[in-house]
Structures are given as structure tokens and as C-alpha cells.
There are 2 protein chains.
Amino acid sequence: MDSESGYLESHDHSNCPAEVALRVMQGRWKLLIIRELAEGVRRFSDLQRSLVGVSQKVLTSQLRELEADGVLDRTVYPEVPPRVEYALTERGQALLPVLEGLHAWGQGLQSPS
Amino acid sequence: MDSESGYLESHDHSNCPAEVALRVMQGRWKLLIIRELAEGVRRFSDLQRSLVGVSQKVLTSQLRELEADGVLDRTVYPEVPPRVEYALTERGQALLPVLEGLHAWGQGLQSPS
DNA sequence: CTGAATCCGACGAGATACTG
DNA sequence: CAGTATCTCGTCGGATTCAG
């Protein structure tokens, strides 16, 4: 298996894992969602309060997409009133170091004169 | 707790460096452009041949955006016929390890079952 | 409280034609 | 060869309304 320099090796256009990974995080609020969940479990209303300006529809859809991508877990407690909790999965936690890398690189973008 | 992890610390919604970094790479062809340039200098026509399906307009605009973001350099040789070469900048090279991280994480997405 | 359904505007990207 | 100029279309995010 040649899995050393994976990025440069796989010359498959539409399905490069790096592109897939990018798509997972693309979305106006996904990074913020992940950052919130990195600090612990959150309820839907918690997220909506933290992510100032997000609408329910968009928050819901981005949460569903992240769930489908295995980044977070959605737990429904059948109570009244309903309670739903979101938490990062193992895979979601594995994403955090990658985001640190992005963050570090992004900082270098602003500095120069 | 820890003040070393930059990503979790900066609670600025619209300007998180990680978001900025993501935006730089977002675009249907940008990752592929970077991958091509990672292997060496390329001319416009080289890129268009490698990135099967891209139109001139889109390729041009994505190249211009990457240039504006300091990822690549554009060198025009005033000849006839015209010749333009694109190459990664230092900053662009610094992006490669980050993409490796994305690539590695992205591979974990497909494996299940 | 959580979320579905609908309508809308903005933007990215493709197709095509034209130019120095 | 390496672009620019239009046009179109699909998708995404936002606002609002309704529902379990």
C-alpha cells in the first residue's frame, strides 16, 4: 500500500479524500458547530444560542449533514418537551487536529504587509 | 483550560482563521490546481489539460483567487504566443501538509462496513 | 423545544462566443 | 495561448410559517 504521500498520489478527480473532507466542513456554520461540540455536548437550543444569526432550518440541515458524515451523534430523549443532544463522534474528534492545522495556516494569511 | 489550542480559543464567528483557510481551498478545482502545482510549475494550458472538464473562465477565476490569497504566483512572459506560468508560493507549499491531514481524515470516511 | 415546509435572493460554476 | 464577456442554472443560506 502506498499510503505515505496520499494527497499527491491519488490522481482521481472527483473522489479525492481531501476533497471529500473539505466538503464535510463546507457550510456556513459547520466549523462553528464542530467548535462548540469540541467543548462538550450541546442541545439544539444551546447551539442556536451560540451560533448567533443561524436559522433553525439551516442549523438543522447542517447538523443532519454532519451526522450523515459521521462527525457527530444525535441523541433524542423522548420527553416533553423534547430534548435533543449533539456530540462529536470519534471521527469528529479526529477532525480537531486537522482544524488546528487549518487554523495555523489561516493565521499566516493575514499577517503580511 | 489550555490556551495553546488556537482553534478552540478564538470565538470570533466570521473571521476564524480556520474558516479563512477553508474558504481559500473552496472551489470546484482549487485542490486539483494545488495538487498539480505541487508537482511543479505549470502553464495555463497544462492545467486545463490536466483538469479535465474545467472551462477557461472558471480556471482563470480560481487561479486568480488563489493568487490573491497568496497560494500561487502568476508569471507572464511577454512573448508571442503568450506564455503564463503558475507556481506555488512558500505559503502554498505550507498548505500541502495541511492537505495531507485532510486527505488522511477523508480516507477514514469511506472505510466503514 | 425541535424541526419540517415553503419561498426567495445570492453566488458559484458551466457553456459559449469573442479578443490581443 | 491565455484570457474576457455573457448567459444560464443549480445549490446554499436566510426568513417565515406550521407542527409534534
Side-chain angles (χ1 to χ4, degrees), chain A residues 13-16 19-37 40-69 71-87, chain B residues 13-16 19-37 40-69 71-87:
Chain A
H13 273 201
S14 30
N15 261 341
C16 171
E19 290 217 14
V20 174
L22 267 190
R23 291 205 156 241
V24 169
M25 316 177 214
Q26 277 156 16
R28 177 73 178 78
W29 303 95
K30 289 190 181 175
L31 241 45
L32 300 175
I33 292 170
I34 291 169
R35 188 169 60 189
E36 278 299 312
L37 295 185
V41 176
R42 292 288 186 275
R43 300 181 53 173
F44 187 88
S45 50
D46 292 331
L47 292 171
Q48 192 166 25
R49 220 173 303 113
S50 301
L51 281 51
V52 182
V54 72
S55 68
Q56 279 130 347
K57 176 206 165 191
V58 173
L59 179 53
T60 300
S61 78
Q62 308 230 336
L63 284 169
R64 289 291 150 82
E65 290 176 18
L66 288 172
E67 186 192 6
D69 287 326
V71 174
L72 56 80
D73 266 332
R74 178 172 176 268
T75 307
V76 181
Y77 297 89
E79 310 168 346
V80 176
R83 187 169 108 243
V84 178
E85 289 186 346
Y86 295 90
Chain B
H13 272 199
S14 30
N15 261 341
C16 172
E19 290 218 14
V20 174
L22 267 190
R23 292 206 154 239
V24 170
M25 317 178 215
Q26 277 156 15
R28 176 74 179 76
W29 303 95
K30 289 190 182 175
L31 240 46
L32 301 175
I33 291 170
I34 292 169
R35 188 169 60 188
E36 278 299 311
L37 295 185
V41 175
R42 292 288 187 273
R43 301 181 52 172
F44 187 88
S45 50
D46 293 331
L47 291 171
Q48 192 167 25
R49 219 173 304 113
S50 302
L51 282 52
V52 182
V54 72
S55 68
Q56 279 126 347
K57 177 205 164 193
V58 172
L59 179 55
T60 299
S61 79
Q62 307 231 336
L63 283 169
R64 289 290 151 82
E65 288 175 19
L66 288 173
E67 186 190 8
D69 287 326
V71 174
L72 56 81
D73 266 332
R74 178 172 175 268
T75 308
V76 181
Y77 296 90
E79 310 167 346
V80 177
R83 186 169 110 241
V84 178
E85 289 187 344
Y86 295 90

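In the set D:dG13, C:dC1, D:dA2, C:dC1 carries the atom at the smallest distance from any side-chain atom of A:S45. Of the candidates D:dT4, D:dC1, C:dT2, the closest approach to any side-chain atom of B:R64 belongs to D:dT4. Looking at the side chain of A:Q56, the nearest of the listed nucleotides C:dG20, C:dT2, D:dG3 is C:dT2. Nearest to the side-chain atoms of A:K57 among the listed nucleotides C:dG14, D:dC1, C:dT6 stands C:dT6. Among D:dG3, D:dG13, D:dA15, the nucleotide with an atom closest to any side-chain atom of A:S55 is D:dA15. In this structure, of C:dG3, C:dA13, C:dT2, it is C:dG3 that holds the atom nearest to the side chain of A:Y86.
Spacing between atom CG of B:L32 and atom C1' of C:dA13 amounts to 14 Å, rounded to whole angstrom units. Computed from coordinates, the B:L66 CG to C:dG12 P distance equals 14 Å when rounded to whole Å. A straight line from CG of A:L63 to C1' of D:dC12 spans 16 Å, rounded to a whole angstrom. Distance B:L59 CG to C:dG14 C1': 13 Å, rounded to the nearest Å. Atom CD of A:E67 is separated from atom P of C:dG3 by 9 Å (rounded to the nearest Å). Here the P atom of nucleotide C:dC11 and the CD atom of A:Q26 are 18 Å apart, to the nearest Å. The distance from atom CZ of A:F44 to atom P of D:dG20 is 18 Å, rounded to the nearest whole Å. For the pair B:R23 CZ and D:dG13 C1', the interatomic distance rounds to 11 Å; values are reported in whole Å.
Distances shorter than 4.0 Å separate some side-chain N or O of B:R74 from OP1 or OP2 on D:dG3. In this structure, A:R28 reaches the D:dG14 phosphate: one of its side-chain N or O atoms is under 4.0 Å from OP1 or OP2. At D:dC12, none of the side-chain N or O atoms of A:W29 fall inside 4.0 Å of OP1 or OP2 (strictly under the cut-off). Between B:R43 and the phosphate of D:dA2, there is a side-chain N or O to OP1/OP2 separation shorter than 4.0 Å.
Side-chain contact between A:I34 and A:L72 is absent, with no heavy atoms from C-beta onward closer than 4.5 Å. Between A:W29 and A:L59 there is no side-chain heavy-atom pair separated by less than 4.5 Å. At least one side-chain heavy atom of A:R49 sits less than 4.5 Å from a side-chain heavy atom of A:D46.
Across all strands, A:Q62 comes closer than 4.0 Å only to sugar-phosphate atoms, never to a base (heavy-atom distances). B:Q48 comes within contact range of no nucleotide atom at all, as no heavy-atom separation falls under 4.0 Å. B:Y77 comes within 4.0 angstrom of nothing in the nucleic acid, heavy atoms only. Among the protein residues, A:V84 comes within range of the sugar-phosphate backbone only, with heavy atoms under 4.0 Å from sugar or phosphate atoms but none that close to a base.
Closest heavy-atom contact between B:S55 and B:Q48: C-NE2, 4.2 Å.
The number of heavy atoms from other shown groups lying within 6.0 Å of CZ (A:R74) is above 12.
For the side chain to side chain contact (heavy atoms under 4.5 Å, CB included) criterion with B:Y86, the lone passing option out of B:V71, B:L63, B:D73, B:T75 is B:L63.
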